[in-house]
Amino acid sequence: MRKIDIATWSRRPQWEHFSKMNFPFYHVSFYIDVTQAYSYAKLHGVSFYHTICYLVSVTMNDIENFRYRIREDGVYLLDKCHPSFTVLQPGSSEFQILTCRLDGSIEEFCRHASDLWDNMCKASPDERQFIGGDSDVPEEECYFLSCLPWLDTTGMCSERTLDATDSVPRVSWGRYTRMDRGDNYIPKLKDWLGLQGQEHPVRQGKRLWINMTVDVNHRLVDGYHIGKFATLLQETIDRL
């Protein structure tokens with residue numbers, strides 16, 4: 001972890017501009033093709049939901065701006081952040097939150113998340129904690145993730161306290177939907193992002209898509225970074 005010298009920070013103009021606002025937050029929604037992630041989860045016998053939580057968190061960690069956090073004495077760049085995601089007890093309509101360290105491979109993470117969840121499910125209703133899992137992970141080192149698996153959502157807005165220093169990114173998505181969006185649907189962002197590799201492959205046939213929403217503090221994250229996140233996440237999924 002290191003403290004940012006705002007006086008020499010490259011995004012000082014953006015920081016100062018959005019720091020004048022009482023509500024410097026915004027969210028962006030976009031589609032992600034998760035066909036390969038679903039196939040990977042089924043092939044390796046792990047949770048598709050946990051797989052997406054892992055991939056989203058790994059990708060965000062690769063982009064510096066999603067690891068910025070605001071404290072009373074300034075802005076800090078964290079070394080690593082971990083997913084904290086909603087879960088639902090079997091036979092219950094009341095959700096809980098599970099925090100899981102982002103360690104190891106997809107399979108190792110998914111097994112650890114499943115073990116943590118099993119322990120939470122074993123607790124009696126009187127002993128059940130709303131937030132469980134790896135309790136040693138500070139809230140500021142988290143990404144808040146959520147899924148609404150009953151709806152094909154086209155966007156979501158996260159709840160928050162009206163505190164302009166809230167700097168934890170939120171990512172949410174709905175159920176996956178089978179559809180063919182055509183081979184020109186995904187923008188070719190690599191040229192203006194300066195990314196390496198081949199252009200995105202043409203998608204054919206019925207694919208699995210989710211609509212994902214990223215909710216961030218504009219003092220720290222711009223549309224450029226969300227675009228980079230969407231591109232890198234899609235590439236990561238397609239390489240599975």
Side-chain angles (χ1 to χ4, degrees), residues 1-12 14-15 18-19 24-25 27-28 37 49-86 97-117 131-146 158 160-161 163-172 193-196 212 214-237 239-240:
M1 179 191 304
R2 66 179 174 87
K3 187 176 182 180
I4 301 299
D5 183 357
I6 294 179
T8 61
W9 197 17
S10 61
R11 66 175 293 107
R12 177 182 174 181
Q14 292 83 2
W15 166 263
F18 290 109
S19 291
F25 309 103
H27 58 273
V28 178
Y49 179 43
H50 293 166
T51 297
I52 295 298
C53 288
Y54 176 92
L55 294 170
V56 165
S57 301
V58 165
T59 305
M60 280 196 159
N61 269 288
D62 285 341
I63 302 172
E64 187 173 284
N65 291 67
F66 289 104
R67 288 185 282 115
Y68 286 139
R69 296 293 185 271
I70 303 172
R71 293 182 175 180
E72 290 184 0
D73 62 336
V75 179
Y76 287 80
L77 175 62
L78 304 185
D79 297 326
K80 189 176 183 179
C81 297
H82 310 269
S84 186
F85 47 92
T86 55
I97 295 175
L98 174 64
T99 300
C100 184
R101 283 197 168 276
L102 189 67
D103 294 327
S105 64
I106 295 177
E107 292 88 343
E108 290 170 329
F109 171 84
C110 289
R111 285 196 295 269
H112 181 50
S114 294
D115 289 342
L116 293 173
W117 179 228
I131 301 177
D134 288 322
S135 57
D136 59 331
V137 178
E139 183 176 286
E140 74 164 9
E141 294 182 12
C142 290
Y143 297 128
F144 295 157
L145 312 182
S146 181
S158 300
R160 64 173 72 247
T161 301
D163 178 1
T165 66
D166 184 348
S167 48
V168 176
R170 277 94 161 150
V171 184
S172 53
L193 288 177
L195 302 177
Q196 301 298 316
M212 183 170 285
V214 177
D215 194 328
V216 293
N217 191 320
H218 216 332
R219 298 166 76 181
L220 306 174
V221 183
D222 301 327
Y224 171 90
H225 307 108
I226 295 179
K228 187 175 182 179
F229 164 76
T231 300
L232 291 178
L233 177 60
Q234 189 65 74
E235 292 178 343
T236 301
I237 290 174
R239 286 196 301 267
L240 292 175

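All values below were derived from every heavy atom in this structure, side-chain atoms included, with hydrogens, water molecules and symmetry-related copies excluded. Please read all numbers here as calculations on a predicted model, not as lab measurements.
Atom CE of Met60 is separated from atom CD1 of Ile226 by 7.5 Å, given to the nearest 0.5 angstrom. Separating the NE2 atom in His27 from the CE atom in Met212 is a distance of 14.5 Å, to the nearest 0.5 Å.
Using a 4.0 Å cut-off between a side-chain N of Lys or Arg and a carboxylate O of Asp or Glu, Asp134 and Arg101 do not qualify as a salt bridge.
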Show me the donor-acceptor pairs, under 3.5 Å and distance only, between side chains in residues 52-59 and residues at least two apart or in other chains.
from, atom 1, to, atom 2, distance (Å)
Tyr54, OH, Gly104, O, 2.9
Ser57, OG, Cys53, O, 2.8
Thr59, OG1, Leu55, O, 2.7

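Every residue two or more places apart in sequence or in another chain was checked for a salt bridge (Lys or Arg N to Asp or Glu O under 4.0 Å) with Asp62, and none qualifies. Applying the ring-ring contact (aromatic ring centres under 6.0 Å, His included) criterion to His112, with sequence neighbours excluded, gives no partner residue.
Looking at every heavy atom in both residues, Ile70 comes nearest to Ala164 through CD1-O, 4.1 Å. Nearest heavy-atom pair, Trp9 versus Arg219, reported as atom, atom and distance to 0.1 Å: CH2-O, 4.3 Å. Between Arg67 and Asn61, the shortest heavy-atom contact is NE-O, 2.8 Å. The shortest heavy-atom contact between Leu102 and Pro83 is CB-CD, 4.0 Å. Closest of all the heavy-atom pairs between Asp163 and Phe25 is O-CZ, 3.2 Å. Between Pro169 and Val216, the shortest heavy-atom contact is CB-CG1, 4.3 Å.
Heavy atoms from other residues, nucleotides or ligands lying under 6.0 Å from CD of Glu139 number 12 at most.
Of the residues listed (Val168, Asp79, Leu78), the one engaging Glu141 in a side-chain contact (heavy atoms from CB on, under 4.5 Å) is Leu78, and it is the only one.
A parallel orientation is assigned to the rings of His218 and Phe18, their planes being inclined by less than 30° (bins at 30° and 60°). Ring geometry, Tyr49 versus Phe85: the interplanar angle exceeds 60°, so the pair is classed perpendicular (tilted spans 30 to 60°).
Both tests pass for Arg71 against the ring of Tyr76: distance under 6.0 Å to the centre and angle within 45° of the axis.
Side-chain N/O atoms of Ser84 and Thr99 include a donor and acceptor closer than 3.5 Å.
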